[in-house]
Amino acid sequence: MKTEGFFVVYFGKPDEVAPGEKFVRMAFAEAFKEVDTAINQTVASLFSPEPRDSHDYGEKFRVFRFPNEPARELARAAEVYERTLVNIRKHIDSGQVMTANKTDFNYTEVLSPEHLELIASLSGCMAHRQKPNCTDMCFHGKYRTIDGTCNNLANPTWGASLTGFRRILSPVYENELSMPVGWTKGRLYNGFPLPSARLVSMKMISTEEITPDSRITHM
């Protein structure tokens, strides 16, 4: 059954219609617990006070690369958002949630724009980054910041870390929400399967001979 642009979601018995918000919050609660458990396990593994048997360089590199608090919060919000969508799909596939169409799954047929906004709000993805303070010209007029903020005084966040890139074209997703085009094996576009974006970039931006360059860096 479809109404006002989205499918009514049934949770539990077929004759009991639960509000869509309850359905979203249940999937979010599961995602919240799963992501926080994974983060806590990572922190315990990296910073455990107990002596370790091995002290290889890879372990030290993981500790060195452990993100700071703003980066952790941003990554956590994105992971909770994505995990919530995974849990929604899991409940639909298991039959706990009934929708009008399961064969060609599309999140926009299950979730209304209000539901997606609720997920983004609950996960923290809608928390806007505070505008950096660039008034200390004794510093910013002489030095570049390590995170890129205030390097462009007219646009302080351009090129800064934890800042989204500007899109040239509108995004196109296989499920109209998050899945890259070509993700589903066997799905054809104009009669042909699409390779993964990673494979395309590896084939197009590659060389058989690796030579040093004194002028051009990776960036």
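Note that the structure is a prediction, hence the values are computed from the model and not measured.
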What distance do [X] atom [atom1] and [Y] atom [atom2] have between them, rounded to the nearest 0.5 Å?
{"X": "S123", "Y": "L118", "atom1": "OG", "atom2": "CG", "result": "9.5 Å"}
{"X": "T184", "Y": "E174", "atom1": "OG1", "atom2": "CD", "result": "3.5 Å"}
{"X": "F28", "Y": "H115", "atom1": "CZ", "atom2": "NE2", "result": "15.0 Å"}
{"X": "L46", "Y": "Q41", "atom1": "CG", "atom2": "CD", "result": "12.0 Å"}

Less than 4.5 Å apart, any side-chain heavy atom of [X] and any of [Y]?
{"X": "H140", "Y": "N151", "answer": "no"}
{"X": "T84", "Y": "F32", "answer": "no"}
{"X": "P156", "Y": "T149", "answer": "no"}
{"X": "I39", "Y": "R72", "answer": "no"}
{"X": "N152", "Y": "T157", "answer": "no"}
{"X": "E34", "Y": "N87", "answer": "yes"}

hydrophobic_cluster_shared for [Y] and [X], side chain cutoff 4.5 Å:
{"X": "L74", "Y": "W158", "result": "no"}
{"X": "I88", "Y": "V86", "result": "no"}
{"X": "L194", "Y": "V172", "result": "yes"}

M137 atom CE, neighbour heavy-atom count above 12 within 6.0 Å: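 Yes, enclosed.
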
Please say whether more than 12 non-hydrogen atoms of neighbouring residues, nucleotides or ligands are located less than 6.0 Å from CD1 in I146.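 No - once you tally the heavy atoms of other residues, nucleotides and ligands closer than 6.0 Å, there are 12 at most.
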
Give a yes or no on whether the backbone of E117 and the side-chain of S121 come within a donor-acceptor separation of less than 3.5 Å.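 Such a contact is absent between S121 side chain and E117 backbone.
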
Mind checking salt bridge (charged side-chain N to carboxylate O under 4.0 Å, His left out) for E82 and listing every partner two or more places apart, or none if nothing turns up?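 Salt bridge (charged side-chain N to carboxylate O under 4.0 Å, His left out) check on E82 returns nothing, list empty.
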
Considering only residues two or more places apart or on different chains, which pairs with a residue in residues 176-211 satisfy ring pair (Phe, Tyr, Trp, His ring centres under 6.0 Å)?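 Applying ring pair (Phe, Tyr, Trp, His ring centres under 6.0 Å) to every pair that reaches into residues 176-211, excluding sequence neighbours, yields nothing.
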
Measure across K33 and T37 and return the closest heavy-atom pair with its distance rounded to 0.1 Å.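 Minimum heavy-atom separation between K33 and T37: O-OG1, 2.7 Å.
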
Residue pair L116, V24: steps toward the side-chain contact (heavy atoms from CB on, under 4.5 Å) verdict: CA-CA 9 Å; L116 295 175; V24 168; over 6 Å; no

